[in-house]
Structures are given as C-alpha cells and as structure tokens.
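First listed ligand is number 1; within each ligand, the first listed atom is number 1. Note that the structure is a prediction, hence the values are computed from the model and not measured.
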Amino acid sequence: MANYKIATIPGDGIGPEIVAETIKVLEKIGELFGHTFTFTEVLAGGIAIDKTGEPLPAETVEVCKNSDAVLLGAVGGWKWDVLPGDKRPERALLGLRSALGLYANLRPAVLHDALKEACPLRADIVAGGIDIMIVRELTGGMYFGDRGRRDTELGLAAWDTEMYATEEVRRIAITAFEMARKRGKKLTNVDKANVLESSRLWREVILEVAKDYPDIALDHLYIDNAAMQIIRDPGSYDVMVTTNMFGDILSDEASQITGSIGMLPSASLNKDNFGMYEPIHGSAPDIAGQDKANPIATILSAAMMLQYTFGLEKEAKAIENAVTKVLNSGVRTGDIMSEGKRLVGTKEMGKLVLEAVKK
Ligand code: IPM
Ligand code: MG
C-alpha cells in the first residue's frame, strides 16, 4: 500500500477531457491494487497565459517538483499562436523539461493488432507488426543551445546552436541501452555524423557506452536514411536513440506510421526516474470540448507512469490489457474509427477502459 502524489496539468484544447478520464482510471487502479493517488491540478500553457500572464507559472514548477510524477494533457491552440516565441504555450513544455531535468524522452510507436487497418503503410510492409521505442534526448541540443540574431551582408541572420556534451550523450545512451536490454536487445543510433561535429562526438560516446553492453546489437543510421528506413521496413527497428531535434521529427514520423497518433503515450524522465507523462498528440482545438477526443494515449501514459516512475508493473499491465480488450471489442473514437465498429466519445471510451481494468 503506497501513496503517490501526482501533479496534473490538463492544459488546453482536449487536454482537460482526456486527463479527467485518465484520473478515473488511475483511481480504479488504486481501489483494485490498494494504492492511493493524490492529484494536484496546476496551470501551464495557454490557460496559464490567460490566467497569470505566463505559460509556466513558478507555482506549477514548484508543485511538480514536490510531486512523485506529472500527468500532462496538452498545451497550445490558435488563440495563442500570435504570441512571440518566449510567450507561447509551448514554452511551458520546454520550461518543464528543463526545470525538472527530464532528459530522457521515451516515445513508443506501436501498431495495435486491432488497429491494423488504420496503418497507412501497405499490409505486407507491416505484416510483422510495429513496436519501436524512440529514445529522444530532451534537454539539450539545438532546443537549448545558444541562439541569436545579427546583421550580415546578406541581411539579418539568425542562428541556433547544436551542441552536446559527453555526459549528456552518455546518460541518454545508458537509458537507451538499458531499454534495449529489456526489449529486443537491438539499438539503432540515429545521427548525422557524416556532416555534423556534434554528431561525431555523439557517436563516439555511443560507441564508448556500447562496450558495457556487449549483449545489445548496435547499428547506426544517418537521420535522412532513418526517416526512409522507418517507412520501408518499420518492423526491423526496436529501440532507436537520437538527439532532441532529430527525435522530434522521427517520433512524429514513427507515430504516423502506426496510423493512430491518438493512441500513443510518452514519458519524459530525469535521472531518478521521476517523470512527466503525456500523450504524443497535441491539444486538437478543433474538437475540444465536444467529447470527441481519444483518451487512450493519455490513459496509456498513466500506464507508463505506473511502470517507469512507480515500478508498478502489474498495475501498468492491467491498464494496457484493458485498452486492448476494449479495442478488440470493436469500440472506437473518431480518430481510429473504421467500418463496422462502434463509434463512442471521450467519456464513453474512458468508462469502457475503466470497466475493463481487472486485477
Ligand atoms: C514535441 C513537441 C514539442 C517539441 C513542441 C510543442 C515544443 O513537438 O513534444 O515533440 O518540439 O519538443
Ligand atoms: Mg514534436
């Protein structure tokens, strides 16, 4: 019996709806397995801009730091798109990642059996399924490097810097190798070492860390080739490790090839496995407040929280099994709807998953 403090950040758009369903599922887990979860809701993103004038109030960071884990819905929306870069809702995400030291971003891309028809790739290409874990570095590289503007002969110029220090690469490499060890024992490093000096150091460190993992089959792809291979033969990839910038792009691509971005969770972890958990999809303002959003990505993010931060494997599995069961029963939200299935809204989907959770 344990008590876990969870900071919740519903955020914008569909965020509040999907987080509400997820909280109910966690409470059901608590009842069944004898844990208590205490939720503290805080502001971030557009709603925080509206209420406090800034995307990431100091209080939000404080509450997150004093919690055991963070559950986030989504941030952003058209309303705030006109604001300058440092005032946009997305700043909240970058600020949280950096303030909480969340350098390891885990983004699984899984093709669920029941959703094979949603996959945009030809059936023969995905016959063996897709189960890729992208490990993205999340607090370094171009996102956080030196940037600025200056006048040049060719007019105003702007720059962002890609820089990685050895220790930054080493810790994400260790995360990726450990992950590979728990999965298919295969790791693909993705970089651009044929051009970038930062990638050359990145690869040197990966090779150095690899010496401690002789049981893991390691290979390397340049990012352009990786973007191609992941479509040509997605089934041949297990764990992929890459930089913040490349991981941003590659993880969107990987999620799209499963055909159901509304299904995919993510975890962002620090060195102590404290984490922030959120769906991979955005705030979908076009369907916000209409009971149309798919809550499954957020519910599966809660399963990742149970697994990675709380070490509650059985409980995490119970959520995953419930989701599989509900999908197998033919129930679908709009984003994953196909002929002959039963269309339901956010609340109904949340309720069905909750009811399917068994000890
Ligand atoms: C993501 C998003 C963010 C990123 C944006 C919203 C800042 O695209 O989590 O992948 O670029 O990291
Ligand atoms: Mg992205």
Mark yes or no: Arg200 above the aromatic ring of Tyr164, with NZ or CZ under 6.0 Å from the six-membered ring centre and no more than 45 degrees from the axis.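 Pair Arg200/Tyr164 does not count as cation-pi.
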
Check: Between Tyr103 and Lys271, is there a cation-pi geometry (under 6.0 Å to ring centre, at most 45° from the normal)?
Finding: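 Cation-pi check for Lys271 and Tyr103: fails.
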
Which protein heavy atom lies closest to atom 6 (C) of ligand 1, and at what distance to 0.1 Å?
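For atom 6 (C) of ligand 1, the nearest protein heavy atom comes out as Glu90 CG, 3.5 Å.
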
Of all protein heavy atoms, the one nearest atom 11 (O) of ligand 1 is Tyr143 OH, 2.6 Å

Any N or O on Asp248 sitting closer than 3.5 Å to an N or O of ligand 1?
yes

TODO: Would you check whether Asp252 has a nitrogen or oxygen atom less than 3.5 angstrom from a nitrogen or oxygen atom of ligand 1?
DONE: no

Check your understanding: Between Glu278 and Ser266, does a side-chain hydrogen bond (donor to acceptor under 3.5 Å, both in side chains) hold up when you go through it step by step?
Key -> CA-CA 5 Å; Glu278 61 182 304; Ser266 78; 4.6 Å; no

### Distance-only side-chain donor-acceptor flag, Tyr237 / Asp131, under 3.5 Å
no

Query - Side-chain donor-acceptor pair present, Asn3, Thr36, cut-off under 3.5 Å - result: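 Checked: Asn3/Thr36 side chains pair up, N/O donor to acceptor below 3.5 Å.
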
Notebook entry, point to check: Is Glu137 reaching over with its side chain to a backbone N or O of Thr139, donor-acceptor style, under 3.5 angstrom?
Noted result: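 A pair under 3.5 Å: yes.
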
Minimum side-chain heavy-atom gap Lys192-Val195 below 4.5 Å =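 Yes, their side chains come closer than 4.5 Å.
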
The side chain to side chain donor-acceptor pair (under 3.5 Å) partners of Arg342 (sequence neighbours excluded) come to none

- Could you tell me which atoms of ligand 1, counted from 1 in the order shown, lie closer than 4.0 angstrom to a heavy atom of Arg136?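 Counting from 1, the qualifying ligand atoms are 1 (C), 4 (C), 9 (O), 10 (O), 11 (O), 12 (O).
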
Look at the aromatic rings of Phe37 and Phe39 and report parallel, tilted or perpendicular, splitting at 30° and 60°. tilted

Could you tell me how the ring of Phe310 sits relative to the ring of Tyr4: parallel (under 30°), tilted (30 to 60°) or perpendicular (over 60°)?
-> parallel

*Determine whether the side chain, the backbone, both or neither of Met245 has a heavy atom under 4.0 Å from any heavy atom of ligand 1.*
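No part of Met245 is near ligand 1 at this cut-off.
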
With heavy atoms and a 4.0 Å threshold, my read on which part of His281 contacts ligand 1 is neither

Check: of Arg91, Arg97, Arg88, min heavy-atom distance to atom 9 (O) of ligand 1 comes from Arg97

Original post:
With a cut-off of 2.8 Å, how many protein N, O or S atoms neighbour the Mg ion (ligand 2)?
Top reply: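 For the Mg ion (ligand 2), the figure is 1.
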
Problem set entry | Any Arg107 heavy atom less than 4.0 Å to ligand 1 |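 Yes, Arg107 has a heavy atom closer than 4.0 Å to ligand 1.
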
